[in-house]
*Asks:* 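One structure coming up, written as structure tokens, with questions to follow.
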Amino acid sequence: QITLLHGSHRVGKRSDAAMEKWRGYGLGQFIHWGLYAIPGGAWNGKQYNGAAEWIRSWNGIPKSTYDSLNYSFNPTAFDAKAWAKTARQMGAKYVTFTTKHHDGFCLWPSKYTKYTVKNSPYKKDIVKAVVDAYDQEGIDVILYFSVMDWNHPDWRYDLKTKEDSIAFERFKKFTRNQLIELLTNYPTVKGLWFDGTWDKSWVKQAAFADELETEMRKLRPGLIIGSRFRADENGKRHFDSNGVLMGDYEQGWERKIPAKIEDVHGNDWDCVMTVPENQWGYNAAWNGHIKTGNELIEMTARCVSMGGNFVLNFGPKGDGSIRQEEIKLATEIGDWMKINQEAIYNCEYAGYEKQDWGYFTKKSGTDKIYMVVFNVPVSAALRIKTPPKTIIKKAYLLADTQEVFSPEEISGDEYFLHLKKREQSKPFVIVLETAKAE
Ligand SMILES: C[C@@H]1N[C@@H](C#Cc2ccccc2)[C@H](O)[C@@H]1O
């Protein structure tokens, strides 16, 4: 055990109501929106091959040209209420929204920089519009904030000279001021999703970041902050030098899902996922594999089956509208959730042996088990291996509770559920009402 001043300040999961609610969200929406949506992944007819929200880092668009895009930012089709309705239709219980990405452009009228929506043709406070619209729909809001700020003159990647350190002290004050401003302006937000915290300049700020996290939690009791915000005094990120999770949940699952339950180490976590392989901001040319509704439904079930949440990214266009492909996916996922949401919301790892046909989830605080079935075997028999001393009292289709199953016991704790031959085009859910054997 290494003595740490700025490591994790808690071992084990948070047990307060705010975190309990977060744990039960199941499905969320990420929205990446900002100046990068204007070029949409290309400039002067040339395609940028990286993630569209990183286009400023490409030499295909002069930095000054990119930085001046705030003078062209006038999203006439922006309608936060429409965004929130789409999220509601999808079944998202929370949204993570980019207040400021790495380019430094603020979608709220920050007092601490001129590089904000206030100094754009649009002028109005976009963060407020989004927070109000999602609150209205009953969808909790988490604010994304990039510490790395390519626009700010005092940003440094590392601190090599005295001048670097003097400049970065100014940058640290600026960052703190903006975060307190966000929490003060938008008091209903439930958390902050930090990004751009990997560079040495910030990693060296263990004491400052620890103090800032404490200040933010004091200002906003119950605030949810993930493992990506700060490093410990040895530069350890996500997990401190004793291997204890930093922050309230593991925030490392970006475009990847744990392979097995052991990989989550009993922590809370969420997976943030793009529809294309790696595009967060709007890219007009979606190339490569574009995930289908069924793939995204399976990712949702897979995350919930291992105690996590699945957060699907949307990248609105420069005019503020959401692209049709994303609307279609939201509708497809939402149609499935309308029938099967009971197996996703407020569910957790069931403790059943993983089977090839799909995923087990368990309703938190109950013995109700859900089998989210994606791959019916040719035998049409679904194998179940229960934890010891478990009785299956009833088994039935969630979508039609009249369709009841009689589990065939194969051996102690092992059963087959025999399905009728069915045309299966969508995943379906079977409910197991269980009890502990005396
Ligand atoms: C949530 C996602 N994190 C950001 C990133 C990144 C990144 C940076 C360096 C190397 C690999 C990935 C993406 O731009 C998006 O905001």
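Start at 1 and go down the list; that is how both ligands and their atoms are numbered. Hydrogens, waters and symmetry mates play no part in the numbers below; they use all other heavy atoms, side chains included.
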*Asks:* Could you pull out, from D195, N278, V311, the option with a heavy atom nearest to atom 4 (C) of ligand 1?
*Replies:* D195
*Asks:* Is R14 positioned over the aromatic face of W22, cation under 6.0 angstrom from the ring centre and no more than 45 degrees off axis?
*Replies:* no
*Asks:* Starting from atom 13 (C) of ligand 1, locate the nearest protein heavy atom and write down its residue, its atom name and how far away it is, to 0.1 Å.
*Replies:* E53 OE2, 3.4 Å
*Asks:* Using 30° and 60° as the class limits, which term best fits the ring planes of H32 and W280: parallel, tilted or perpendicular?
*Replies:* tilted
*Asks:* For atom 2 (C) of ligand 1, is the nearest protein heavy atom closer than 4.0 Å?
*Replies:* yes
*Asks:* Over 60° means perpendicular and under 30° means parallel, so tell me whether H152 and F174 are parallel, tilted or perpendicular.
*Replies:* tilted
*Asks:* Got the closest protein heavy atom to atom 8 (C) of ligand 1, with its distance?
*Replies:* W54 CZ2, 3.3 Å
*Asks:* What protein heavy atom lies closest to atom 15 (C) of ligand 1? Include the residue and the distance to one decimal.
*Replies:* H32 NE2, 3.3 Å
*Asks:* Which heavy atom of the protein is the closest neighbour of atom 12 (C) of ligand 1, given with residue, atom name and distance?
*Replies:* E254 OE2, 4.3 Å
*Asks:* Any side-chain donor paired with an acceptor under 3.5 Å for S321 and D319?
*Replies:* yes
*Asks:* Rounded to the nearest 0.5 Å, what's the gap from CG on N242 to NZ on K236? Could you check?
*Replies:* 10.5 Å
*Asks:* Would W280 count as being in polar contact with ligand 1, using the rule that some N or O on each side must be under 3.5 angstrom apart?
*Replies:* no
*Asks:* What atoms of ligand 1 come closer than 4.0 angstrom to any heavy atom of W198?
*Replies:* 6 (C), 8 (C)
*Asks:* Applying side chain to side chain contact (heavy atoms under 4.5 Å, CB included) between Y249 and each of M19, R23, R228, report the one that passes.
*Replies:* M19
